[in-house]
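The structure under discussion appears below in the form of structure tokens.
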Amino acid sequence: MVDETKFLLWLLLLISASLCHASELDIQCLKSVQKSVVPNGILRSSWKFNKNGRSGYICGFTGVECWSHDENRVLSLRLRNLGLQGSFPQGLHDCTSMIALDLSGNGCSGPIPWRIAHDAPHLSYLDLSNNSFSGEIPDSIANMVYLNVLNLEYNQLDGQIPERFNALGRLTAFSVADNLLSGPVPALLRKFPASHFVGNRGLCGAPLDECPGKIWGLVRIRQINDESSIGAAVGFVVGFVAAFYSPGWVVFSKRLRAYGFRV
């Protein structure tokens with residue numbers, strides 16, 4: 001009985017310590033975000049960090065939602081339409097319990113970091129729309145297996161939609177409209193309306209128009225087959241003529257029933 005009581009006390013102390021550590025990390029996460037965006041006036045005026053602040057005080061910050069108002073654990077960051085600029089926010093890996101990130105309607109630019117899936121692996125909601133993000137879409141986003149919503153529309157993203165996005169089986173909302181993307185739409189994403197893909201001059205395949213490469217491929221294969229047939233016929237004629245005027249034994253291909261004759 002005494003051993004069980006000691007074990008329970010030890011477990012409670014461990015849980016309390018981990019929650020305290022998580023809270024410290026979440027506070028550090030918000031400090032990093034505040035420093036990495038410009039101008040950060042609204043975040044600087046709203047996000048007042050206090051060493052001796054009560055538990056859960058960050059839950060009153062603009063755009064910050066917590067799991068509980070009694071602890072400093074970030075549930076989501078909803079920073080929509082705050083006039084933020086600069087590169088993708090840093091320090092998100094310290095928001096270890098965050099499941100939603102909304103940066104839509106700002107002026108953020110530069111690439112979406114390839115480490116995004118590592119830094120925010122538990123996201124179920126990611127909205128980066130109406131910014132100026134550029135470069136390719138990181139295929140590491142396919143590792144964010146809890147994603148239900150992924151909105152990347154109205155940016156300057158180029159390259160292809162990663163084929164690995166076929167692994168995002170939980171998606172219920174997806175849009176990449178009005179970017180600079182090209183190539184085929186991955187099979188899993190073809191269930192979404194065409195309006196979620198328009199504005200990308202190079203995108204093709206359902207639900208958009210058929211990719212021209214498929215038609216070209218069929219024509220090319222037909223040309224190769226026709227050329228092969230012609231080449232085989234010409235070769236047969238040339239071989240026959242050469243055999244007719246050349247002394248000695250000539251052996252025809254086994255495909256034509258192998259036999260020989262003397263001339």
Side-chain angles (χ1 to χ4, degrees), residues 4-37 39-84 86-106 108 112-113 115-131 140-141 143-152 168-174:
E4 291 180 358
T5 302
K6 289 183 178 179
F7 174 76
L8 289 174
L9 288 173
W10 173 82
L11 185 61
L12 288 172
L13 287 173
L14 181 63
I15 293 173
S16 299
S18 63
L19 286 176
C20 180
H21 182 60
S23 296
E24 292 174 359
L25 284 176
D26 284 38
I27 292 172
Q28 181 57 46
C29 169
L30 297 185
K31 288 181 177 179
S32 298
V33 170
Q34 185 189 58
K35 291 179 181 178
S36 63
V37 297
N40 60 2
I42 189 167
L43 298 188
R44 188 167 57 250
S45 61
S46 169
W47 293 12
K48 297 289 187 180
F49 298 99
N50 185 350
K51 284 187 177 181
N52 300 317
R54 62 177 178 79
S55 180
Y57 77 97
I58 66 172
C59 305
F61 288 2
T62 297
V64 177
E65 297 177 1
C66 294
W67 284 92
S68 169
H69 287 287
D70 297 328
E71 57 185 15
N72 295 323
R73 295 178 62 210
V74 176
L75 170 67
S76 63
L77 279 178
R78 301 190 181 275
L79 307 178
R80 174 191 296 264
N81 297 325
L82 294 182
L84 304 179
S87 59
F88 192 89
Q90 300 177 15
L92 294 180
H93 59 276
D94 287 328
C95 285
T96 57
S97 302
M98 185 173 64
I99 65 170
L101 176 62
D102 186 350
L103 296 174
S104 62
N106 288 291
C108 298
I112 300 171
R115 287 179 53 87
I116 185 171
H118 177 270
D119 293 345
H122 306 302
L123 291 185
S124 63
Y125 183 99
L126 178 60
D127 190 346
L128 305 180
S129 63
N130 291 277
N131 279 281
S140 62
I141 291 178
N143 297 329
M144 303 169 77
V145 295
Y146 302 108
L147 272 182
N148 293 321
V149 174
L150 178 58
N151 191 354
L152 304 174
L168 296 174
R170 293 175 178 263
L171 280 181
T172 57
F174 176 83

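Numbers for residues simply follow the sequence, beginning at 1.
Counting only residues at least two apart or on different chains, the salt bridge (Lys or Arg N to Asp or Glu O under 4.0 Å) pairs with a member in residues 118-130 are Arg80-Asp127, Arg115-Asp119.
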- Message: Working note: Trp67 + Ile99, criterion side chain to side chain contact (heavy atoms under 4.5 Å, CB included); need CA distance, chi angles, decisive distance, verdict.
- Response: CA-CA 10 Å; Trp67 284 92; Ile99 65 170; 4.0 Å; yes

- Where do Leu30 and Asn72 land on the side chain to side chain contact (heavy atoms under 4.5 Å, CB included) test, with the steps shown first? CA-CA 11 Å; Leu30 297 185; Asn72 295 323; over 6 Å; no

- Query: Phe174 and Leu168: side chain to side chain contact (heavy atoms under 4.5 Å, CB included), yes or no, with the steps?
  - Reply: CA-CA 10 Å; Phe174 176 83; Leu168 296 174; over 6 Å; no

- Message: Determine whether Phe61 and Val74 satisfy the following criterion, side chain to side chain contact (heavy atoms under 4.5 Å, CB included), listing intermediate values before the conclusion.
- Response: CA-CA 11 Å; Phe61 288 2; Val74 176; over 6 Å; no

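Other residues, nucleotides and ligands place no more than 12 heavy atoms under 6.0 Å from the OH atom of Tyr146.
Closest heavy-atom contact between Ser45 and Lys48: O-CE, 3.5 Å. Gly83 approaches Asn106 most closely through the heavy-atom pair N-OD1, 2.9 Å. The heavy-atom pair separating Pro89 from Val37 by the smallest distance is CG-CG1, 4.1 Å. Taking both residues in full, the closest heavy atoms of Ile116 and Ser140 are given as CG2-OG, 4.2 Å, listed atom of the first, atom of the second, then distance.
Taken to the nearest 0.5 Å, the CG atom of Leu147 stands 11.5 Å off from the OH atom of Tyr125. In this structure, SG in Cys59 is found 10.0 Å from CD in Glu65, a value given to the nearest 0.5 Å. Taken to the nearest 0.5 Å, the CG atom of Leu84 stands 8.5 Å off from the CG atom of Asn131. Summarising the geometry, atom CG belonging to Asn151 is positioned 11.5 Å from atom CG belonging to Leu103; distances are rounded to the nearest 0.5 Å. Distance check: Met144 CE to His122 NE2 gives 10.5 Å after rounding to the nearest 0.5 Å. Between the CG atom in Asn130 and the SG atom in Cys108 there is a gap of 11.5 Å [rounded to 0.5 Å].
Evaluation of the side chain to side chain donor-acceptor pair (under 3.5 Å) rule for Ser68 yields no partner, not counting sequence neighbours. Residues passing the side chain to side chain donor-acceptor pair (under 3.5 Å) test with Thr62, sequence neighbours excluded: Ser46.
Asp102 places a side-chain N or O within 3.5 Å of a backbone atom of Ser104 that can act as its donor or acceptor partner. Checking side-chain atoms of Gln34 against main-chain N and O of Leu43 turns up a donor-acceptor pair under 3.5 Å. Side-chain N or O atoms of Asn148 include none that pairs as donor or acceptor with a backbone N or O of Thr172 at under 3.5 Å. For the pair Trp47 (side chain) and Val33 (backbone), a donor-acceptor distance under 3.5 Å is absent. At least one donor-acceptor pair closer than 3.5 Å links the side chain of Ser36 to the backbone N or O of Gln90. With Asp94 contributing its side chain and Leu92 its backbone, the two residues share no donor-acceptor pair below 3.5 Å. In this structure a side-chain-to-backbone donor-acceptor pair under 3.5 Å is missing from Asp26 to Cys95.
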